[in-house]
Protein chains: 2
Amino acid sequence: MNIYDIAKLADVSIATVSRVVNNSPKVSARTKEKVLAIMKENEYTPNAFARGLGLGTMKTVGIICPDISDIYMAKAVSYLESNLHDHGYDCILGCSGFKQKEKESYVKLLLSKKIDTLILVGSTYAGSGKDEADTDYIREAAEQASVFMINAKVAGDNIYCTYADDFQATYEVTKAYLRRGKEKILFMYDSESFSARQKLAGYEAALQDAGYPVLGNLKFKTKNDIEYTKNMLLEYNKVLDFDSVLATDDGIAAGAVKYAKIKGLSIPEELSITGYNNSILALCSDPELTSVDSKLGVMCRKTVERMIELLENEAQIEKNVCVPCEIVRRCTTDY
Amino acid sequence: MNIYDIAKLADVSIATVSRVVNNSPKVSARTKEKVLAIMKENEYTPNAFARGLGLGTMKTVGIICPDISDIYMAKAVSYLESNLHDHGYDCILGCSGFKQKEKESYVKLLLSKKIDTLILVGSTYAGSGKDEADTDYIREAAEQASVFMINAKVAGDNIYCTYADDFQATYEVTKAYLRRGKEKILFMYDSESFSARQKLAGYEAALQDAGYPVLGNLKFKTKNDIEYTKNMLLEYNKVLDFDSVLATDDGIAAGAVKYAKIKGLSIPEELSITGYNNSILALCSDPELTSVDSKLGVMCRKTVERMIELLENEAQIEKNVCVPCEIVRRCTTDY
DNA sequence: TTGTATGCGTTATCAG
DNA sequence: CTGATAACGCATACAA
C-alpha cells in the first residue's frame, strides 16, 4: 500500500496525500479528513526509505560507545535515547570497542547510513592526548555530520563537546583528604583517556597547591574490575603505603573496599575510599561508597538540547560545555 | 558525489558502477579496477536511502528493551549488537519502558522504519500471562517483520523465542536448599513477567515434590533495588520467618545481604541467599552472591544465528529455544 | 561484458 | 486549494 493507492482510493492526487501526511496547512479540511480516513482504514505508513531519499534524512542519530555493557555507557545511552525519542529521533547504536581501527571504521559505517548526527560516548574517543592525529577521524567525520562528544574534548569544526569538570572534582576530593590528614592518597585509574587525564591533573594540582609532592608510586594503573583491583592491591601493598584511595571508577573503588576487608583495615579510618560515577556499585558495596557523580544525565540533556537546536533551527550553539560534578558522600570517607 | 558522477569519471555506465559496488562477478577485472580507483579517489559511498528504496532493506534490525540502563538488558544488547555487526547488520535501539501503550507504540515506530527484523529483549514483552490480548501487538508486528524474543515465549506466526530454563534453575536451587535443611525459603520477585512466572513455578514444584507446603507469605514482591529491598525486609522480618532467600535478580539478593548485615545474621549459616543473572552485583556484594547465570550470551547468539539463517537463507528455523541455566556457587550459600 | 531504461515511494516545484 | 511532474540515487531486467 503506497501513496498512489491511497490517492486513488481517496480520489485525489499523490501530492495531496503527501500534504496530508506531512500535515501541510494548505489542504482543505474536507479533503484532509477524507484522506486521513482512507489512510487509517488501510493502515498506510509512508515508506521510510523513499521519504529518506526525498528528504535526505530519516531522523536518526548514530550513537557510538566502546561498550554498552558498561554501566556508565549504558546509562548514557539510556538518557540519550530518551531525550532523542522525545524529539522524534531514532538511535542507531554501535559498540566500537577501544581499538583505534575499530573506532574509525565504526564511525565510517554509521556515517554511511546517513545519520543526521553522530554522538560519541566516552573519553576514549578523545585519543591518548599524545598524538593529535588520533582524533583526525573525528574531524573528518564532522565534515559529513555534526559530531557530539560526551566526556571528551576534541577541537574541530562541527564538533561539539560536553564533559564533566573532573579536574574540579578530584581537586576537591584531594583537598578534602588532605584536610582530614590523609597525605598518602593513592590515585587509581584504568586508562589514559581524556577524562582520566583531567582527574589526574586535579589530583596533582591539589597536592601541589597544598605543598605536597606528587609521588609517582602513588599513581596506580589497574583495570575497572573489582577482583583484579583487589588482587593488585594485595600484591602491591607490600611495597606501597597509602591511607586513602581516589579511584576513577566505582568498580575500582569497590575493589579497594574488598582489599580493605581482607587486610582488616577499618573504613574510612584506616583507609578512605572515593569512587567515581556514582553507580549502582557505590550502593552495592559495603560500606557504601562515597562517589563523584559526573552528572551524566545533565550532560546528555545538554547534548541533545544543543543538537536539536542545531538540527531544527540551525542555531548557533555552544561548542564546549563543562558540567560541574557533585561529590556524593557516603560511608567510605569522613571528609 | 553519486553513482552518475562516478560513472562519468570512469567513463562507464551507472550499471557498471553499481555492479562494482555490489561486486558482481560479471564485470571485467580491468573495468572493475578502474572504477574502484575512481571510487576510492572520490571517497564515494552509495546513498543508503536510495539503496534501501531499491532493495527494500537497509540491513538494520530493531532492538527494543524496556530500559537499557538495566545491567541485564545492557548486556543483552551488547551481545546482540556484536553478533549482528559480525553479520553486517546495524541496530536501531528503542527503550520502551514497561507500559503496555508505550511498548505498542515503540514497536510500531520501529516497524515504520522498515527494519528487517525486530528483537524484543525482556520478559515484560510476554505480557502478564493473564490476558492473551496483551501480546496481540506482537503477532500484529510479526506480519510485517520477523519478531525474535529474548526471555519470553509468545505463540504466533513468524515469532521466534529464546529463553532461559528458569523453571529448572529455581527447581534445583530450591531442592538444594531443602537438602541443606533450609525449609523456609523466601521467594523474592519484582514482577509477574514470563520469566518470573517460570521461576516461581520451579520453586513451587520443588517444594511440592519434596512434600512441603507452598506458603503464600513466603512469596515476597519487592523492587529490583538494593535499598528498597533491604528496607522492606527490615520492615517485614517482624512477621516473617525465613532461613533462605531465592531472589529473581541480583539487585534483590544484594538487598537481602544488606539486610542480613544489619540484623547480624551470618551468611550463609543463618541466612542463605541466591541471586539471579550473575551480574556484577554478585561480585560486588560482600559476601559474593551465589547466582543463577541465565546464559544470556548463549541466548543472544542463538537468536542472531537463527535470524541470519532466516534472513539470508530463508531457512526453516527453530521457533522456540530453551537454554539451560548454570548455578554459580559463591559465598552466600553452602549447598 | 557493458549500456539503456525503468521502477522503488516519496517530496517539492510549478502551474492552474 | 489541487494536480502533474521532476527530482532523489540506486538496482536490475532486458538489450546489445
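Throughout, a chain's letter reflects where its sequence line sits, starting with A, and its residues are numbered from 1.
- In the set dT10(C), dA11(D), dG3(D), the nucleotide with an atom closest to the side chain of N22(B) is dA11(D).
- Each of L53(B) and V27(B) has a nearest nucleotide on DNA chain C; the 5'-most of these lies closest to V27(B).
- Residues from residues 28-45 of chain B placing a heavy atom under 4.0 Å of any atom in DNA chain C, listed by number, are S28(B), T31(B).
- Salt-bridge check for K108(A) with E104(A): failed, with every basic side-chain N at 4.0 Å or more from each acidic carboxylate O.
- Close to dG9(C), at under 4.0 Å from its OP1 or OP2, lies no side-chain N or O of N47(A).
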(message) Run the side chain to side chain donor-acceptor pair (under 3.5 Å) test on Y72(B) and N151(B) for me, step by step, so that the C-alpha distance in whole Å, both residues' side-chain angles and the decisive distance to 0.1 Å come before the verdict.
(response) CA-CA 11 Å; Y72(B) 185 75; N151(B) 241 340; 2.7 Å; yes
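- Per the geometry, CD1 belonging to I3(B) stands 13 Å off C1' belonging to dC8(D), to the nearest Å.
- In summary, the side chains of R19(B) and T31(B) do not present any donor paired with an acceptor at a separation below 3.5 Å, with no hydrogens or angles considered.
- When the side-chain nitrogen and oxygen atoms of T16(A) are compared with OP1 and OP2 of dT2(D), none of them lie within a distance under 4.0 Å.
- End-to-end axis angle of the helix from dT1(C)-dA16(D) to dG16(C)-dC1(D), using five pairs per end and rounding to 10°, comes to 40°.
- Side chains of S123(A) and Y163(A): a donor-acceptor N/O pair is absent below 3.5 angstrom, by distance only.
- Taking only side-chain nitrogens and oxygens, R51(A) comes nearer than 4.0 Å to OP1 or OP2 of dT11(C).
- Checked against dT12(D), dC10(D), dT4(C), the side chain of L55(B) finds its nearest nucleotide in dT12(D).
- Each of V147(A), T135(A), D136(A) was scored for a side chain to side chain contact (heavy atoms under 4.5 Å, CB included) with V154(A), with one residue passing: T135(A).
- Interface residues of residues 106-117 of chain A facing DNA chain D, ordered by number: none; criterion, heavy-atom separation under 4.0 Å.
- Contact check on D90(A) versus K113(B) returns a salt bridge, with a Lys/Arg side-chain nitrogen under 4.0 Å from an Asp/Glu carboxylate oxygen.
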